[in-house]
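From a predicted model like this one, the values you see are computed outputs, not experimental measurements. In what follows, chains carry the letters A, B, and so on, assigned in the order in which the sequence lines appear, proteins first and then strands, with residues in each chain numbered from 1.
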Amino acid sequence: MSWSDPLIVMTYRELKRFIRAKSRLIGSIINPLIWAIFFGLGWSSAFNFPQAKMIFGGFDYMTYLTPGIVMMTIFTASFISGVTVLWDKQFGFLKEVLVAPTPREPAIIGRSLGGSLTALFQGLIVLAVLAPMISNIRLFGVIPVILIGLLVGLSFSAVGITLATKMTSMEGFHIISSFIMMPTIFLSGAFYPISTMPEWMKILAYANPLTYGVDLARHYLLGTGDLGVVTDFLVLVALTVVTLTVASTVFRNASIE
Amino acid sequence: MNYTVIADNLVKKFGDIVAVNGVTFKVKRSEIFGFLGPNGAGKTTTIHILSTLLKPTSGEALVDGKNVVKEPANVRKVIGIVFQDPSVDDQLTAYENLYIHGRIYGLKGKELEERIDEALKFIDLYGFKNKQVRTFSGGMRRRLEIARALIHEPKVLFLDEPTLGLDPQTRAKIWDYIRMIRREKNVTIFLTTHYMDEAEELADRIAIIDHGKIIAEGPPDELRSLAGNEVIYIKFENINGKNIPCEDDNFIEECKVLGQDSIMLKVRKASEVLPIIFEKFNSRGYKIGKIEYKRPTLNDAFLYLTGKEIREEEGNDLERLRTIVRRRWR
């Protein structure tokens, strides 16, 4: 059977579910906006002196923070979308797919793609809300950011799916959210530059795939960053390929046992 | 081939637990085969093996002539399944649920649209085509799941506890649809249940399963008679001190006089011997005033075979819990 049918239909399902769950949309946008506005604007006025601006690539803190918040939004939304496979598991949809005569790999890639698209959409809304509040944003930078957001979304929804396929309980979800999501965000350079981090933290930040997405977004939206664009892209593409392969493999061998 | 499902000595172990312990049976084409047993007897595990979701520890199974372990992809093409746990997506509409299912089975375009409409009409949900499933009652969700399982025109339909947790009226309605599927669609139905009445109402043949083993198999009537004899009570009129006649024909296992004007007969099959009994007493001038007979139920049969009753209500707690969890998380 073809690969396109399950891929398209699983993407379709994620998009439909996203449109239906309006409260979820609001919830996932409010959270980053609270961070951006209360945390960002608060520190922005505290860091309102020249030396501080130098740390943040010559920008005020709020401007510096914005690309990070956009990537944080995409990361969180796509990761959670992947983890909702756990719900599918609990409520039978997973069995539906497993018992169908369809290749499982495109089904799960389609699900990642759907999660990635909805996460990207949320990231762009957050960007649209924040853009008028900051200066110097490069409007044309939004185009590469869409691609970057898609890659980040694909990778992390794949990670979420992999974990959820392996997890057996709902409790695992809370453990994951505190042990994976928060550190990933803090160690990504979304809130502060990697260059000023302590050495041990730098190592963790470089090992964190989200770092490269945040750095790229900052390059294209502001024109500043800690790493090179080419490195960032190579890492991100490699990450996407690896995470999708792992998710497909895990899901292909998924069993209800 | 006359058999659509053949299970040969299926065994499934989960660690130390033996869920299915050497199950062998054959399901004829176009019949409704009932798998009756208490919760935890191995019914769902058997369905999961037959539908390729679980690999058996040992033994073989063929569905429509295809081996479930060696050619799962071919088996998946010819089966439809309604799982015990609800598996429709309640954030989506009835149409979207069926559409997604159809696409996963490789259907598309006009053909898929037609099949969706046909399935929704068949199960009387056409008026709710574009309504979100979360507004549906439990019975409507079940019907939608049945419609979904039929979209790709399977040869074998697996129904795992199709009326679990539904109220009596809704259950009766679901039974009507299951009978209708048998009548109108060319499909073999494999049904599991722990409800005696469901098995009796629907199944052409029943296998009673307990602790992973089939302990009896046959048409409902045959199984009932395992529990023993049927009992006939006859009350005569105008007996006026006449001797009460106790018959000793070979079809009567036991006869007992009760009081002044009544007898009790134990027979193998009351429906067959009643006319003969009428005839006999009539020709001898006895007037029958009242007649009553009691048949053993499947529950009696189960009791006879296992020494315990099928626990009717178990499983509902779990179901209720699921509903609560579902509400909280979604």
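For the pair R20(A) (side chain) and Q91(B) (backbone), a donor-acceptor distance under 3.5 Å is present.
Other residues, nucleotides and ligands contribute only 12 or fewer heavy atoms inside 6.0 Å of the CZ atom of F121(A). The 12-atom threshold is not exceeded at NZ of K213(B), counting heavy atoms of other residues, nucleotides or ligands nearer than 6.0 Å. For CZ of F128(B), the number of neighbouring non-hydrogen atoms (other residues, nucleotides, ligands) closer than 6.0 Å is 12 at most. Other residues, nucleotides and ligands contribute over 12 non-hydrogen atoms within 6.0 Å of the NZ atom of K95(A). Enclosure of atom NZ in K173(B) is not indicated, since only 12 or fewer non-hydrogen atoms of other residues, nucleotides or ligands lie within 6.0 angstrom. Within a 6.0 Å radius of CZ in R134(B), no more than 12 heavy atoms belonging to other residues, nucleotides or ligands are found. At most 12 non-hydrogen atoms from other residues, nucleotides or ligands lie less than 6.0 angstrom from CG of N186(B).
No other option in V78(B), T45(B), I79(B), L92(B) has as many heavy-atom pairs under 4.5 Å with chain A as L92(B).
A salt bridge does not link E96(B) with R13(A): none of the charged nitrogens is closer than 4.0 Å to a carboxylate oxygen.
Between P101(A) and K77(B) the shortest heavy-atom distance is CB-CG, 3.6 Å. Residues V99(A) and S51(B) come closest through the heavy atom pair CG2-O, 3.3 Å. Residues G106(B) and D5(A) share a closest heavy-atom pair of CA-OD2, 4.0 Å.
Looking at Y12(A), the atoms closer than 4.5 Å to chain B (heavy atoms on both sides) all sit in the side chain, from C-beta outward. Neither the backbone nor the side chain of L107(B) comes within contact range of chain A; no heavy atoms are under 4.5 Å apart. Heavy-atom distances place both the backbone and the side chain of T93(B) under 4.5 Å from chain A. For H48(B), the part sitting under 4.5 Å from any heavy atom of chain A is the side chain, from C-beta outward, and nothing else.
To the nearest 0.5 angstrom, I100(B) atom CD1 is 13.0 Å from I8(A) atom CD1. Rounding to the nearest 0.5 Å places CD of E96(A) at 9.0 Å from CD1 of I81(B). Taken from OG in S4(A) to NZ in K108(B), the straight-line distance is 5.0 Å, to the nearest 0.5 Å.
In this structure, the side chains of D89(B) and K16(A) stay at 4.5 Å or more apart for every pair of heavy atoms.
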